[in-house]
Novice: 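Pasting a structure below so you can have a look.
None of these values were measured; they are calculated from a predicted model.
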Amino acid sequence: MALTGRAALLAALGSLPVGIWEPGWTGILAVNAPLAVACACDFALAAPVRRLGLSRSGDTSVRLGGTADVTLTITNTSGRPLRARIRDAWPPSSWRPGTEVTASRHRLTIPAGERRRVMTRLRPTRRGDRHADRVTIRSYGPLGLFARQGAHRVPWTVRVLPPFTSRKHLPSKLARLRELDGRTSVLTRGEGTEFDSLREYVPGDDTRSIDWRATARHSAVAVRTWRPERDRHILLVLDTGRTSAGRVGDVPRLDASMDAALLLGALASRAGDRVDLLAYDRRLRALVQGRAAGDVLPALVNAMATLEPELVETDARGLTATALRTTPRRSLIVLLTTLDAAPIEEGLLPVLARLTQRHTVLLASVADPRIAAMAKARGNTDAVYEAAAAAQAHAERDRTAEQLRRRGVTVVDATPEELAPALADAYLALKSAGRL
C-alpha cells in the first residue's frame with residue numbers, strides 16, 4: 001500500500017488525525033473524514049498486483065553496440081481496471097548511462113480481463129549475459145489517492161555478443177583468397193601447393209607457370225594455376241589471463257584479440273579449413289570443436305560472449321598440454337596472447353618446442369598505440385622521458401618477438417585496429433607458401 005502525492009497534499013488541508021503505516025515508514029497525517037473515505041474506496045478499487053500475469057518475449061541475443069527489444073506482456077485477470085506504472089529492472093550495463101529511466105519505466109491502463117504489451121529496449125555496454133531483474137508494478141485507484149505495489153520475477157536473458165567490427169575487412173581478404181585459389185583473372189598466377197587447373201596466359205603471368213605440353217595441344221598459351229591446400233586444421237587459442245585484462249584505448253586486450261580471431265575464423269572457414277577455439281588461463285574457459293563451415297562463426301561468437309579476463313597468471317604448461325590434446329594432427333596454432341617479456345620468457349618459451357615440433361605456430365599480440373605516440377614526443381623534459389620509456393618498451397617487444405621467430409614462430413604485433421587484418425594477412429601468407 002502506498003499513499004500518493006495527491007493524497008498527501010489533500011491530507012495537509014484536513015484536520016482529523018489518521019495514522020498511515022508503510023514498510024519502513026510510520027507517520028500521522030491530518031485527514032478529514034470524507035478524504036479518509038475517498039482514500040479507502042480508491043485503495044479498494046485499485047487492481048491487485050499479485051493477481052497479474054506476466055510473461056516475456058523478444059530478442060535473446062544482440063551484438064555489443066546494437067539494441068535488443070524485450071516485450072513484457074501483462075494480463076489483468078482481476079475484475080478491476082489496472083492503472084499502473086511499471087519499472088522493468090535490468091542490470092545497469094543494459095543501457096547507456098543516463099538512459100535507464102526512460103527505457104525501463106512505462107505507464108499503461110489495462111481493462112479487466114485484457115492484456116497489454118510494453119517494450120523495453122536494451123542497448124548493452126558490455127559483453128556477456130544480461131538477466132532481467134524484477135518487474136515492479138504500482139497499481140493506482142481511479143482517484144489516484146492510493147496505490148498497491150508489488151514485484152514479479154519474470155526471467156529472461158539477453159546474450160550480448162562481440163561486435164565483430166573487423167567484419168568490414170572480410171570482403172578484401174576473401175578476394176585475396178580467391179586470387180590464391182586461382183579462380184580470379186589477375187596479373188599474378190594463383191599460388192599454392194596443389195595443382196588446380198589450366199587457363200589461358202595473360203600478360204604478367206609468371207612464365208615458369210606455362211604448361212608447354214598443354215600449349216602444344218592448343219592454339220593458345222596455357223598456364224598452370226594452383227590452389228592452397230584445403231581441409232587444414234586451425235586452432236585459435238585465446239589467452240584469458242591477467243595480461244588480457246589490460247585496456248588498450250577503450251577496450252580490453254581480450255576484446256581486440258577476439259575481434260581478430262573472429263575475422264580469421266570466418267576467413268579460414270571460407271577457405272575450406274577446419275577452425276576450433278580454445279580459451280585458457282589456468283583452466284579451460286571455452287572450447288569449440290568440430291563445427292561445420294557454416295556453423296563456425298556463430299559458434300565462435302557465442303562462446304566468446306561470456307568470456308572475461310581472469311586476474312591470474314596464465315599457466316603456459318597447462319595451455320600447451322590442452323592445445324596438444326585438442327590438436328592430435330598437424331595444425332596451425334594461433335596464440336592470441338601478450339608479447340610482454342616476462343610472460344613469454346618465463347612461461348611460453350620453456351614449453352614452446354612442444355608446439356613447434358609438431359605444429360605451425362603463429363603468435364598475435366595487441367600493441368598499445370600510445371607507445372608509438374610517446375616515442376615521438378618532444379619539447380620538454382617530461383616528453384623526452386616519455387619518448388625514452390617508449391623506445392625501451394618497443395625495443396623489449398622487438399627482442400621478445402625475435403626470440404620467438406628464431407624458434408620458428410610467426411609473430412604479428414599490431415594495434416587493436418590493425419591486428420585483425422594483419423593476422424588475416426599472415427594466415428594468407430602461410431597458406432600461399434604451403435606452410436599449413
Novice: Taking Arg285 for the side chain and Arg282 for the main chain, is one N or O donor matched with an acceptor at less than 3.5 Å?
Specialist: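 Pair absent, no side-chain N/O of Arg285 close to backbone of Arg282.
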
Novice: Between Arg291 and Asp276, is there a side-chain N and carboxylate O pair less than 4.0 Å apart?
Specialist: no

Novice: Would one find more than 12 heavy atoms of other residues, nucleotides or ligands at under 6.0 Å from atom CZ of Arg247?
Specialist: yes

Novice: Between the main-chain N or O of Val49 and the side-chain N or O of Ser139, is there a donor-acceptor pair closer than 3.5 Å?
Specialist: no

Novice: Using modelled atom types only, decide if a donor and an acceptor are shared between the side chain of Arg87 and the backbone of Ile137 within a distance under 3.5 Å.
Specialist: no

Novice: If only side-chain N and O atoms count, and only distance matters, is there a donor-acceptor pair under 3.5 Å linking Arg232 with Ser331?
Specialist: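 Note: Ser331 and Arg232 side chains miss the donor-acceptor criterion.
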
Novice: Using modelled atom types and a 3.5 Å cut-off, is there a donor and acceptor pairing between side-chain atoms of Arg148 and backbone atoms of Ala46?
Specialist: yes

Novice: Is it true that, when you exclude Arg370 itself, more than 12 heavy atoms of the residues, nucleotides or ligands shown sit nearer than 6.0 Å to its CZ?
Specialist: no

Novice: Grab the two heavy atoms, one from Thr314 and one from Tyr280, that are nearest each other, plus how far apart they are.
Specialist: CG2-O, 4.4 Å

Novice: Between Arg176 and Ser172 (side chain of the first, backbone of the second, donor and acceptor by atom type, cut-off under 3.5 Å), is there such a pair?
Specialist: no

Novice: Just grab all the side chain to side chain donor-acceptor pair (under 3.5 Å) pairs involving residues 300-310, residues at least two apart or on different chains.
Specialist: Arg159-Asn302

Novice: Could you check Arg56, Arg121, Arg117 and say which one makes a salt bridge (charged side-chain N to carboxylate O under 4.0 Å, His left out) with Asp69?
Specialist: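 It is Arg121, the one option of Arg56, Arg121, Arg117 that forms the salt bridge (charged side-chain N to carboxylate O under 4.0 Å, His left out) with Asp69.
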
Novice: List for me each residue that meets side chain to side chain contact (heavy atoms under 4.5 Å, CB included) alongside Thr415, sequence neighbours excluded, and say none if there are none.
Specialist: Pro369, Glu417, Glu418

Novice: Ala68 and Asp59: which non-hydrogen atoms are nearest, and at how many Å?
Specialist: CA-OD2, 3.4 Å

Novice: Taking side chain to side chain contact (heavy atoms under 4.5 Å, CB included) as the criterion, tell me which of Leu311, Asp315, Leu238, Val312 meets it with Asp281.
Specialist: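 When Leu311, Asp315, Leu238, Val312 are each tested with Asp281, the side chain to side chain contact (heavy atoms under 4.5 Å, CB included) holds only for Val312.
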
Novice: Counting heavy atoms not belonging to Gln392, are there more than 12 under 6.0 Å from its CD?
Specialist: no

Novice: Check whether any side-chain heavy atom of Val160 sits under 4.5 Å from a side-chain heavy atom of Arg130, and report yes or no.
Specialist: yes

Novice: Does some side-chain heavy atom of Leu54 sit less than 4.5 Å from a side-chain heavy atom of Thr73?
Specialist: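 Not in contact.
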
Novice: Determine yes or no for a side-chain-to-main-chain donor-acceptor pair under 3.5 angstrom, with Arg253 supplying the side chain and Val366 the backbone.
Specialist: yes

Novice: For the residue pair Asp239 and Ser244, confirm or rule out a side-chain donor-acceptor distance under 3.5 Å.
Specialist: no

Novice: With heavy-atom distances below 4.5 Å as the criterion, would you say the side chains of Pro343 and Thr243 are in contact?
Specialist: yes

Novice: Evaluate the side-chain proximity of Leu277 to Val237: yes if any heavy-atom separation is below 4.5 Å, no if none is.
Specialist: no

Novice: For the side chain of Ser78 and the backbone of Pro48, is there at least one donor-acceptor N/O pair under 3.5 Å apart?
Specialist: no

Novice: Mind checking whether Ile74 and Arg115 have side chains closer than 4.5 Å, heavy atoms only?
Specialist: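 No. Closest side-chain heavy atoms not under 4.5 Å.
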
Novice: Decide yes or no on side-chain contact (heavy atoms from CB on, under 4.5 Å) for Val275 and Leu236, but give the supporting numbers first.
Specialist: CA-CA 7 Å; Val275 181; Leu236 304 172; 3.9 Å; yes

Novice: Output all residues satisfying salt bridge (charged side-chain N to carboxylate O under 4.0 Å, His left out) with Glu313, sequence neighbours left out; order by chain, then residue number.
Specialist: Arg242

Novice: Pairing donors with acceptors under 3.5 angstrom, does anything connect the side chains of Thr120 and Asp88?
Specialist: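 Note: Thr120 and Asp88 side chains meet the donor-acceptor criterion.
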
Novice: Please check if the side chain of Arg127 supplies one atom and the backbone of Leu307 the other of a donor-acceptor pair under 3.5 Å.
Specialist: yes

Novice: With the side chain counted from C-beta on, respond yes when Leu235 and Val334 share a heavy-atom pair under 4.5 Å apart, and no when they do not.
Specialist: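 Leu235 vs Val334: side chains apart.
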
Novice: Ser166 versus Lys168: any side-chain heavy-atom pair under 4.5 Å?
Specialist: no

Novice: Give a yes or no on whether the backbone of Arg153 and the side-chain of Arg134 come within a donor-acceptor separation of less than 3.5 Å.
Specialist: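 The answer is no, because no donor-acceptor pair under 3.5 Å joins these two groups.
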
Novice: With sequence neighbours excluded, tell me which residues meet side chain to side chain contact (heavy atoms under 4.5 Å, CB included) with Arg358.
Specialist: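 Partners of Arg358 by the side chain to side chain contact (heavy atoms under 4.5 Å, CB included) criterion, ordered by chain and then number, come out as Leu324.
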
Novice: Locate the shortest heavy-atom distance separating Val412 from Ala422; write the atom from each residue and the value.
Specialist: CG1-CB, 3.8 Å

Novice: Quick one: closest heavy-atom pair of Trp156 and Gly58, and the distance?
Specialist: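 Where Trp156 meets Gly58 most closely, the heavy atoms are CZ2-O, 3.5 Å.
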
Novice: Take Thr410 and Val361 through the side-chain contact (heavy atoms from CB on, under 4.5 Å) test and state the conclusion after the steps.
Specialist: CA-CA 6 Å; Thr410 301; Val361 179; over 6 Å; no

Novice: Which residue, Arg399, Arg405, Arg397, forms the salt bridge (charged side-chain N to carboxylate O under 4.0 Å, His left out) with Asp413?
Specialist: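 Of the listed options, the one satisfying the test is Arg397.
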
Novice: Using the side chain to side chain contact (heavy atoms under 4.5 Å, CB included) criterion, which residues pair with His394? Sequence neighbours excluded.
Specialist: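 Testing His394 for side chain to side chain contact (heavy atoms under 4.5 Å, CB included), a comparison that skips the adjacent residues, returns Asp398.
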
Novice: May I have the step-by-step check of side-chain contact (heavy atoms from CB on, under 4.5 Å) for Met304 and Leu254, ending in yes or no?
Specialist: CA-CA 10 Å; Met304 292 177 184; Leu254 180 60; over 6 Å; no

Novice: Knowing that exactly one of Val409, Thr320, Leu319, Thr360 qualifies, which makes a side chain to side chain contact (heavy atoms under 4.5 Å, CB included) with Leu355?
Specialist: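 One option only clears the test, and that one is Thr320.
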
Novice: I'd like to check Leu339 versus Leu404 (side-chain heavy atoms, cut-off strictly below 4.5 Å). Are they in contact?
Specialist: yes

Novice: Would Asp273 and Tyr427 satisfy side-chain contact (heavy atoms from CB on, under 4.5 Å), going step by step from the backbone distance to the final call?
Specialist: CA-CA 11 Å; Asp273 293 330; Tyr427 161 77; 2.5 Å; yes

Novice: Give the minimum heavy-atom separation between Gly265 and Leu300, together with the two atoms involved.
Specialist: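 Of all heavy-atom pairs spanning Gly265 and Leu300, the closest is CA-CD1, 4.2 Å.
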
Novice: Once side chain to side chain contact (heavy atoms under 4.5 Å, CB included) is applied, do any residues pair with Leu45, and if so which ones, sequence neighbours excluded?
Specialist: Pro142

Novice: For the pair Asn76 (side chain) and Arg80 (backbone), establish whether a donor and an acceptor sit closer than 3.5 Å, ignoring hydrogens and angles.
Specialist: yes

